[in-house]
Amino acid sequence: MRIRPHSETWLERPPRARMLPQLRPWLTDPGSLTARIRSRCSLFSVEVLAQRLAVPHPDEAALLGLRRGELAWLREVLLVADGVPVVFARSILPRHNLRGAWILFQGLGSRPLGAALFADPRIRRQPLACTCLDRRDARYHRASAAVAPRRLPPALWARRSLFGLRGRTLLVSEVFLPTILELPT
Ligand SMILES: C=C(O[C@@H]1C=C(C(=O)O)C=C[C@H]1O)C(=O)O
(Lines give C-alpha, C1' and ligand atoms only; values in the text may rest on other atoms or scores of the structure.)
Protein backbone atom coordinates (compact mmCIF):
# COMPACT_ATOMS: atom_id res chain seq x y z
CA MET A 1 0.00 0.00 0.00
CA ARG A 2 1.60 3.30 -1.07
CA ILE A 3 1.39 5.93 1.63
CA ARG A 4 1.37 9.31 -0.09
CA PRO A 5 3.46 11.94 1.74
CA HIS A 6 1.04 13.68 4.02
CA SER A 7 1.76 17.30 4.86
CA GLU A 8 0.72 17.44 8.50
CA THR A 9 0.88 20.68 10.48
CA TRP A 10 3.44 20.88 13.26
CA LEU A 11 2.18 23.14 16.05
CA GLU A 12 4.29 25.24 18.43
CA ARG A 13 1.96 24.38 21.30
CA PRO A 14 -0.31 21.35 21.73
CA PRO A 15 -4.01 22.26 21.36
CA ARG A 16 -5.79 22.03 24.72
CA ALA A 17 -9.04 20.80 23.20
CA ARG A 18 -7.79 17.73 21.35
CA MET A 19 -5.38 16.30 23.91
CA LEU A 20 -5.50 14.33 27.11
CA PRO A 21 -4.13 16.71 29.80
CA GLN A 22 -1.72 14.06 31.10
CA LEU A 23 -0.08 13.81 27.67
CA ARG A 24 0.67 17.52 27.46
CA PRO A 25 3.74 17.58 29.75
CA TRP A 26 5.32 14.81 27.65
CA LEU A 27 4.91 16.89 24.49
CA THR A 28 6.19 20.14 25.98
CA ASP A 29 9.04 19.20 28.36
CA PRO A 30 12.17 20.70 26.73
CA GLY A 31 14.48 18.42 28.67
CA SER A 32 15.71 14.94 27.79
CA LEU A 33 12.88 12.53 27.11
CA THR A 34 15.22 9.70 28.09
CA ALA A 35 15.79 11.30 31.49
CA ARG A 36 12.06 11.93 31.99
CA ILE A 37 11.18 8.31 31.26
CA ARG A 38 14.11 6.95 33.28
CA SER A 39 12.88 8.90 36.33
CA ARG A 40 9.47 7.23 36.02
CA CYS A 41 10.44 3.57 35.63
CA SER A 42 12.79 0.99 37.17
CA LEU A 43 14.35 -0.37 34.00
CA PHE A 44 14.91 1.79 30.91
CA SER A 45 16.28 0.54 27.59
CA VAL A 46 16.59 1.57 23.96
CA GLU A 47 15.64 -0.97 21.29
CA VAL A 48 17.42 0.03 18.06
CA LEU A 49 15.15 -0.74 15.11
CA ALA A 50 17.15 0.79 12.27
CA GLN A 51 20.33 2.75 11.76
CA ARG A 52 21.02 3.25 8.07
CA LEU A 53 21.01 5.65 5.14
CA ALA A 54 17.44 6.43 4.10
CA VAL A 55 15.33 9.04 2.31
CA PRO A 56 13.71 11.26 4.96
CA HIS A 57 10.01 12.11 4.94
CA PRO A 58 9.46 15.27 2.81
CA ASP A 59 8.81 17.52 5.78
CA GLU A 60 11.94 16.16 7.52
CA ALA A 61 14.03 16.88 4.42
CA ALA A 62 12.62 20.40 4.20
CA LEU A 63 13.42 21.10 7.85
CA LEU A 64 17.00 19.87 7.37
CA GLY A 65 17.48 21.75 4.09
CA LEU A 66 17.85 18.53 2.11
CA ARG A 67 16.69 18.01 -1.46
CA ARG A 68 13.69 15.71 -1.96
CA GLY A 69 15.05 12.17 -2.23
CA GLU A 70 18.47 13.05 -0.76
CA LEU A 71 19.79 10.33 1.52
CA ALA A 72 20.46 11.00 5.21
CA TRP A 73 21.36 8.90 8.24
CA LEU A 74 18.27 7.50 9.96
CA ARG A 75 18.09 6.05 13.46
CA GLU A 76 14.80 4.57 14.64
CA VAL A 77 14.38 3.23 18.16
CA LEU A 78 11.83 2.26 20.74
CA LEU A 79 12.25 3.72 24.21
CA VAL A 80 11.26 0.94 26.59
CA ALA A 81 10.18 1.42 30.21
CA ASP A 82 10.10 -1.72 32.38
CA GLY A 83 9.85 -3.87 29.26
CA VAL A 84 7.03 -1.83 27.65
CA PRO A 85 7.68 0.35 24.57
CA VAL A 86 6.48 3.90 25.31
CA VAL A 87 8.03 6.03 22.54
CA PHE A 88 8.94 5.41 18.90
CA ALA A 89 11.79 7.82 18.10
CA ARG A 90 13.22 8.72 14.73
CA SER A 91 16.37 10.80 14.29
CA ILE A 92 17.63 12.14 10.97
CA LEU A 93 21.17 13.34 10.38
CA PRO A 94 22.22 14.87 7.05
CA ARG A 95 24.93 12.69 5.55
CA HIS A 96 27.49 15.51 5.40
CA ASN A 97 27.06 15.94 9.18
CA LEU A 98 28.28 12.47 10.03
CA ARG A 99 31.93 13.35 9.96
CA GLY A 100 33.39 15.26 12.93
CA ALA A 101 30.81 16.64 15.34
CA TRP A 102 28.16 14.03 14.75
CA ILE A 103 30.33 10.92 14.68
CA LEU A 104 28.56 9.98 17.93
CA PHE A 105 25.54 8.93 15.88
CA GLN A 106 27.41 5.94 14.54
CA GLY A 107 28.93 4.74 17.80
CA LEU A 108 25.78 4.89 19.92
CA GLY A 109 24.44 1.34 19.71
CA SER A 110 21.69 0.88 22.29
CA ARG A 111 22.83 3.82 24.41
CA PRO A 112 20.23 6.61 24.33
CA LEU A 113 20.99 9.46 21.93
CA GLY A 114 19.67 11.90 24.52
CA ALA A 115 22.37 10.95 27.02
CA ALA A 116 24.97 12.09 24.49
CA LEU A 117 23.11 15.19 23.27
CA PHE A 118 22.25 16.62 26.67
CA ALA A 119 25.73 15.87 28.05
CA ASP A 120 27.33 18.27 25.54
CA PRO A 121 26.85 21.93 26.60
CA ARG A 122 27.66 23.04 23.05
CA ILE A 123 24.54 21.40 21.66
CA ARG A 124 21.51 23.68 21.30
CA ARG A 125 17.94 22.44 21.08
CA GLN A 126 15.55 24.49 18.96
CA PRO A 127 11.88 24.85 20.02
CA LEU A 128 9.66 21.78 20.07
CA ALA A 129 6.71 21.35 17.72
CA CYS A 130 3.99 18.73 17.84
CA THR A 131 1.47 17.09 15.56
CA CYS A 132 -0.99 14.21 15.45
CA LEU A 133 0.16 11.44 13.09
CA ASP A 134 -2.42 9.10 11.59
CA ARG A 135 -2.53 6.35 8.99
CA ARG A 136 -1.92 8.87 6.20
CA ASP A 137 1.65 9.28 7.45
CA ALA A 138 4.35 6.69 6.81
CA ARG A 139 5.81 7.33 10.27
CA TYR A 140 2.58 6.14 11.88
CA HIS A 141 3.07 2.85 10.06
CA ARG A 142 6.74 2.64 11.11
CA ALA A 143 5.63 3.00 14.74
CA SER A 144 2.82 0.48 14.22
CA ALA A 145 5.20 -2.08 12.71
CA ALA A 146 7.67 -1.51 15.56
CA VAL A 147 5.15 -2.43 18.24
CA ALA A 148 3.25 -5.18 16.37
CA PRO A 149 1.35 -7.26 17.30
CA ARG A 150 0.33 -4.59 19.83
CA ARG A 151 -2.34 -2.46 18.14
CA LEU A 152 -2.26 1.33 18.13
CA PRO A 153 -5.09 3.91 18.23
CA PRO A 154 -5.92 5.62 14.89
CA ALA A 155 -3.74 8.64 15.71
CA LEU A 156 -0.62 9.29 17.81
CA TRP A 157 0.73 12.56 19.16
CA ALA A 158 4.35 13.28 18.25
CA ARG A 159 6.88 16.01 18.88
CA ARG A 160 10.07 16.99 17.13
CA SER A 161 12.94 19.46 17.39
CA LEU A 162 16.27 20.27 15.77
CA PHE A 163 19.53 19.95 17.68
CA GLY A 164 22.47 22.05 16.51
CA LEU A 165 26.20 21.74 17.09
CA ARG A 166 28.55 24.12 15.31
CA GLY A 167 26.10 24.70 12.47
CA ARG A 168 25.31 21.01 12.00
CA THR A 169 21.75 19.84 12.61
CA LEU A 170 20.05 16.68 13.80
CA LEU A 171 16.27 16.26 13.70
CA VAL A 172 14.75 14.20 16.50
CA SER A 173 11.10 13.13 16.33
CA GLU A 174 9.33 11.25 19.11
CA VAL A 175 6.00 9.49 18.68
CA PHE A 176 4.20 8.84 21.98
CA LEU A 177 2.66 5.39 22.28
CA PRO A 178 -0.49 5.04 24.42
CA THR A 179 1.58 3.21 27.05
CA ILE A 180 3.35 6.49 27.92
CA LEU A 181 0.23 7.33 29.93
CA GLU A 182 0.89 4.33 32.19
CA LEU A 183 3.93 6.19 33.56
CA PRO A 184 3.46 8.85 36.23
CA THR A 185 3.00 12.25 34.56
C1 LIG B 1 16.91 13.29 22.30
C2 LIG B 1 16.75 12.33 23.19
O3 LIG B 1 17.14 11.02 22.89
C4 LIG B 1 16.15 10.03 22.92
C5 LIG B 1 16.81 8.79 22.48
C6 LIG B 1 16.86 8.49 21.13
C7 LIG B 1 17.75 7.39 20.61
O8 LIG B 1 18.43 6.72 21.43
O9 LIG B 1 17.78 7.21 19.37
C10 LIG B 1 16.08 9.20 20.21
C11 LIG B 1 15.22 10.18 20.63
C12 LIG B 1 15.02 10.52 22.03
O13 LIG B 1 13.77 10.15 22.51
C14 LIG B 1 16.20 12.55 24.55
O15 LIG B 1 16.43 11.71 25.44
O16 LIG B 1 15.55 13.60 24.73
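The shown structure was predicted, so the numbers you read here are calculated from the model rather than taken from an experiment. Each ligand, and each atom within it, is numbered from 1 in the order the structure gives.
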Visitor: Please list the nearest protein heavy atom to atom 6 (C) of ligand 1 with its residue and the distance rounded to 0.1 Å.
Guide: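 Of the protein heavy atoms, Leu113 CB, 3.6 Å lies nearest.
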
Visitor: Atom 9 (O) of ligand 1: which protein heavy atom is closest, and how many Å away?
Guide: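 Of the protein heavy atoms, Arg75 NE, 2.7 Å lies nearest.
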
Visitor: Would you name the heavy atoms of Arg125 and Pro30 that are closest together and state the gap between them?
Guide: NH1-O, 3.0 Å

Visitor: For Ile37 and Leu183, what are the C-alpha separation, side-chain angles and deciding distance, and is it a side-chain contact (heavy atoms from CB on, under 4.5 Å)?
Guide: CA-CA 8 Å; Ile37 296 171; Leu183 297 180; 4.0 Å; yes

Visitor: Distance check, rounded to the nearest 0.5 Å: Arg13 atom CZ versus Arg24 atom CZ?
Guide: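 So the CZ of Arg13 and the CZ of Arg24 are separated by 8.5 Å.
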
Visitor: Which residue and atom name correspond to the protein heavy atom nearest atom 2 (C) of ligand 1, and how close is it?
Guide: Gly114 CA, 3.2 Å

Visitor: Using a 4.0 Å cutoff against the non-hydrogen atoms of Phe118, which atoms of ligand 1 qualify?
Guide: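 With Phe118 as reference, the close atoms of ligand 1 come out as 14 (C), 16 (O).
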
Visitor: List ligand 1 atoms under 4.0 Å from Pro112, heavy atoms only on the residue side.
Guide: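 Ligand 1 atoms under the 4.0 Å threshold to Pro112: 8 (O).
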
Visitor: List ligand 1 atoms under 4.0 Å from Val172, heavy atoms only on the residue side.
Guide: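 Listed by number with element: 11 (C).
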
Visitor: Enumerate the atoms of ligand 1 whose separation from the nearest heavy atom of Thr34 is less than 4.0 angstrom.
Guide: 3 (O), 4 (C), 5 (C), 14 (C), 15 (O), 16 (O)

Visitor: Would Arg95 and Leu53 count as a side-chain contact (heavy atoms from CB on, under 4.5 Å) if you check the C-alpha gap in whole Å, the side-chain angles of each, and the deciding distance to 0.1 Å?
Guide: CA-CA 8 Å; Arg95 197 160 38 166; Leu53 282 172; 3.6 Å; yes

Visitor: Closest approach of Gly31 and Arg159, non-hydrogen atoms and distance?
Guide: O-NH2, 3.7 Å

Visitor: Think Arg90 forms a cation-pi with Trp73, using NZ or CZ under 6.0 Å from the six-ring centre and within 45 degrees of its axis?
Guide: no

Visitor: Which atoms of ligand 1 have any heavy atom of Val77 under 4.0 Å away?
Guide: 7 (C), 9 (O)

Visitor: Working to the nearest 0.5 angstrom, can you tell me the gap between Glu174 CD and Leu27 CG?
Guide: 9.5 Å

Visitor: Looking at ligand 1, is there an atom of it that comes within less than 4.0 Å of some heavy atom belonging to Val87?
Guide: no

Visitor: Does ligand 1 come near enough to Ala89 that some N or O of the ligand is less than 3.5 Å from an N or O of the residue?
Guide: no

Visitor: For Val48, which part has a heavy atom under 4.0 Å from ligand 1: side chain, backbone, both, or neither?
Guide: neither

Visitor: Mind listing the closest non-hydrogen atom pair of Gly109 and Arg75 along with its distance?
Guide: O-NH1, 3.0 Å

Visitor: Ligand 1 and Ser32, any nitrogen or oxygen pair closer than 3.5 angstrom?
Guide: yes

Visitor: Report the nearest protein non-hydrogen atom to atom 16 (O) of ligand 1: residue, atom name, distance rounded to 0.1 Å.
Guide: Leu33 N, 2.7 Å

Visitor: For Trp157 and Val175, what are the C-alpha separation, side-chain angles and deciding distance, and is it a side-chain contact (heavy atoms from CB on, under 4.5 Å)?
Guide: CA-CA 6 Å; Trp157 278 99; Val175 183; over 6 Å; no

Visitor: If you have a sec, work out which protein heavy atom is nearest atom 12 (C) of ligand 1 and how many Å separate them, to one decimal?
Guide: Glu174 OE2, 3.1 Å

